[in-house]
Amino acid sequence: MKRQVRILLIDGEPGFLTRFGKTIRESNDFDYVVEVAPNTDRATTLLARGGYHIALIDESLCGNEYELLRHSVSATPAIPPVLLTCSPDPASDTRAFNCGAVDALCKDELDARRLDRLVRHALRQAAISRELSSLKHDLRVNSHKIEHNDEVIDRERHRREDMERRLEAQDRDYAMLFEKYRAIYENAVEGIFQTSPEGRIMSGNPALAAILGYPDLESLLANVKDLAHTVYADPARRQAFLDLMKRDGRTGDFEVEVRRRDGSIAWLTLSARSVHDETGRLLFFEGSAVDITQRKEAEIRLIHEITHDALTGLPNRGAFIDETRLRLDSNRPDFALALLDMDAFRIIIESLGHRRADRLLVEMGRRLAMELQAGEMVSRPGGDDFMLIIPETREETVRARLKGLQRTLSWPLMLGNRMVVPSLTIGVTFGHPGAEPEDLLREASAALEAARRRGRGMVEFFRQGVHGFGGDRLALEEEIRRGLERGEFEVYYQPIVNLRGGHITGYESLIRWNHPARGILLPSTFIQAAEDSGLIHAMGDFTVRSVLAQHRLWRLAGHEKLVASVNFSVRQLMDPELPTRLEKMLRDAEMPPQCLRAEITESIELDASEQVSVVVQAMARLGIRLAMDDFGTGYSSLGNLKKYRFSTLKIDRAFVMGLPDNLEDQSVVRAILSLARNLNLDVVAEGVETPEQAEYLLSSECASSQGYFHGRPMTAAGFSEQLAAAG
Ligand code: C2E
Ligand code: CA
Ligand code: CA
């Protein structure tokens, strides 16, 4: 198959076109496709469109400037132009080359063989020139590249040089910095460390060793293999550190309590970050440790100060209320709250001064704290009160616990040259759902009031309404006042019996209230209120008058030796008018003062209050006899026995109760009896309820006895009957 060659024939001469058509058909080598441009305009358009293997251009159409030739050559890809000349002219070849044509062809000499050869030549020429131009292009590109490479190499070199310069400078800087940091590191007050996740110190600075109490770094590194157990005071805190680092990767203020080498405690705050390798594996922690022990101690002191009572060091009211609330909020508020009140503390302050009274409080606080059992909490809210939480719900258990505490706390103690036997009166309530701490405190203090009414050293539990007056003191006082006016009070008499002979030697007068609504009320329900309101004086006068009137009758009935014991509370003894009134009452009743025996409970007031001392001495001067009531409990000062010339000791019921089996009670009772013998005092044992107790007391040479065994407190009529029966 012949190769197809596309020819653009630029010629306007029709004769030649016919001839040309004939010639191309005779071609052996090519299959010519011809397109004709008859004028320059058409020629220009077609040349611009391109797609020809060769352009044959009539010389006459080329124009002076051979414009068409240039078009042809500059077409892309270039179309090799062949110049068509009219006559065979030896100069035409030269001309053609000069103006850029690849060849020249004389129209007259045109034949197929010549055309083919010319086309072949032109095609080869074009191929060569294409190759050449591609080579040229490559060359150009390459030379460009080379130029560019040179530039790159150059730049690279510059950069390297610059880098080297900078590195050198940096090295110098680093050396300086290193020196600087080494100095900082070595001389830092902060401990700087790298520690392994397992708890080894990998490196540290001298300050780290110093903070942890080691003489140098070597000994620190040698001794600490496991931070959690050799350094951290609480190993769990190390775990907290590890957890934090795992979560955040860093910390700026991790506070930790550590143990120094000598065992002392220090507080550190750590800044640290975790360091990982490229794969994210944790390598170590690094950071710094600042010793904040002083600050921490101040902080702890401050917290302690805020939550503790300065005097006793016990938790204060706020801390106690917080704790109470915490326990109330727990699902089961199963605890008792007790309010402990020091008896007669005001008197202690007045007589011994604040400093010693404070010492007493400190000592009580110390004893309480020492006695504390698991789950209990003690607090000093202020004044002479203590508060206690006991994790118990059974009343008997709580009562036993408090009684035990009362015993321990009442150990005698020397304040100056005075011996004080402290005693506590206690009010108790139980936690209950829905209660606020303040509710419990209110309940406990109502119970305390009730306990106070029953007397010193009592323990009373809060019971809604059981106290009859529901804690409404004003109403109670008003009722007492009216009761006195209306004659609702009555004196009862309890026989005091001579154990050897079994005969009645006297009695103790005990007041009762025949309350119109509540029946017969015992002194424990109203005495305290009477004391607090001052009504005790009127009440006491009523008792004395009643007793003297009754006594007079019994004397007239032949019982001349009968001794009338009347109770006087300290409050009554503070009344400077009391001796004068007593004197008058004795005179009015025409009774000798010796028949009257004032029962006075041992107390600090008796020991220390000038006022009380004056009154008691005046009573003694009148000839009234004195009995020391409830001996062995409360405040003890044997000096008082002599000072006021007591004639009688009453052994408290508490010691008689355990007879005859309890060894402790036995020894107390025997000691009191021997003391009494030495001081030449009468003894009355109180609360004798059984024949065995009476038997024991008799065999221990106790002269007198009083108690349900011999007779309950009874009305005057009842007592008259008993006297008559005895003969
Ligand atoms: P106290 O002086 O210790 O009186 C003895 C108390 O023991 C009385 O209680 C009496 O009833 C009770 N008692 C007597 N024998 C026995 C016994 O065998 N077993 C038991 N379990 N108890 C016995 P009471 O009458 O309730 O009086 C309580 C306190 O009230 C008295 O304690 C006394 O301190 C005070 N008091 C009574 N009357 C007066 C009074 O007129 N004036 C004053 N200031 N106080 C009084
Ligand atoms: Ca008494
Ligand atoms: Ca008594």
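Small disclaimer: the values here were computed from a predicted structure and weren't measured. Note that ligands are numbered from 1 as they come in the structure, with each ligand's atoms numbered from 1 the same way.
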Numbered atoms of ligand 1 (with element) below 4.0 Å of [X], judged on heavy atoms:
{"X": "G707", "value": "15 (N), 18 (O)"}
{"X": "D630", "value": "3 (O)"}
{"X": "D629", "value": "2 (O)"}
{"X": "V688", "value": "18 (O)"}
{"X": "E689", "value": "17 (C), 18 (O), 19 (N), 20 (C), 21 (N)"}
{"X": "T543", "value": "41 (O)"}
{"X": "L510", "value": "4 (O), 8 (C), 10 (C), 11 (O), 25 (O), 27 (O), 37 (C), 38 (N)"}
{"X": "P713", "value": "11 (O)"}

Examine I511 against ligand 1 and note whether any of their N/O atoms are separated by less than 3.5 Å.
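N/O-N/O distance below 3.5 Å exists for this pair.
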When the ring planes of W513 and F526 are compared, do they come out parallel, tilted or perpendicular, using 30° and 60° as the limits?
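Perpendicular.
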Relative to the ring of F542, is the ring of F489 parallel (under 30°), tilted (30 to 60°) or perpendicular (over 60°)?
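If you compare the ring of F489 with that of F542, the planes turn out perpendicular.
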Tell me whether [X] reaches ligand 1 (any heavy atom closer than 4.0 angstrom to a ligand atom).
{"X": "G687", "result": "yes"}
{"X": "R512", "result": "yes"}
{"X": "R712", "result": "no"}
{"X": "E686", "result": "yes"}
{"X": "Q706", "result": "no"}

To the nearest 10°, what's the angle at the Ca ion (ligand 2) between atoms OD1 (N567) and OE2 (E508)?
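Angle OD1(N567)-the Ca ion (ligand 2)-OE2(E508): 90°, rounded to 10°.
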Between S613 (side chain) and S609 (backbone), is there a donor-acceptor pair under 3.5 Å?
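Flag not set: sc S613 to bb S609 has no pair under 3.5 Å.
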Of all N/O/S atoms in D629, the name of the one nearest the Ca ion (ligand 2):
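Sorting the N, O and S atoms of D629 by distance to the Ca ion (ligand 2) puts OD2 first.
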Checking one value in my table: which N/O/S atom of E599 lies closest to the Ca ion (ligand 2)?
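The atom in question is OE1.
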Side chains of [X] and [Y], donor plus acceptor under 3.5 Å:
{"X": "E490", "Y": "N514", "value": "yes"}
{"X": "Q494", "Y": "H710", "value": "no"}
{"X": "N498", "Y": "T505", "value": "no"}
{"X": "E449", "Y": "Q528", "value": "no"}
{"X": "Y493", "Y": "H551", "value": "no"}

Passing candidate, side chain to side chain donor-acceptor pair (under 3.5 Å) with S565, options E508, Q706, R597
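Result for side chain to side chain donor-acceptor pair (under 3.5 Å) with S565: R597.
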Determine whether the aromatic ring centres of residues F719 and Y492 are separated by less than 6.0 angstrom.
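Centroid distance Y492-F719: not below 6.0 Å, so no.
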CE on M574 to CG on L578, rounded to 0.5 Å:
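It comes to 12.5 Å.
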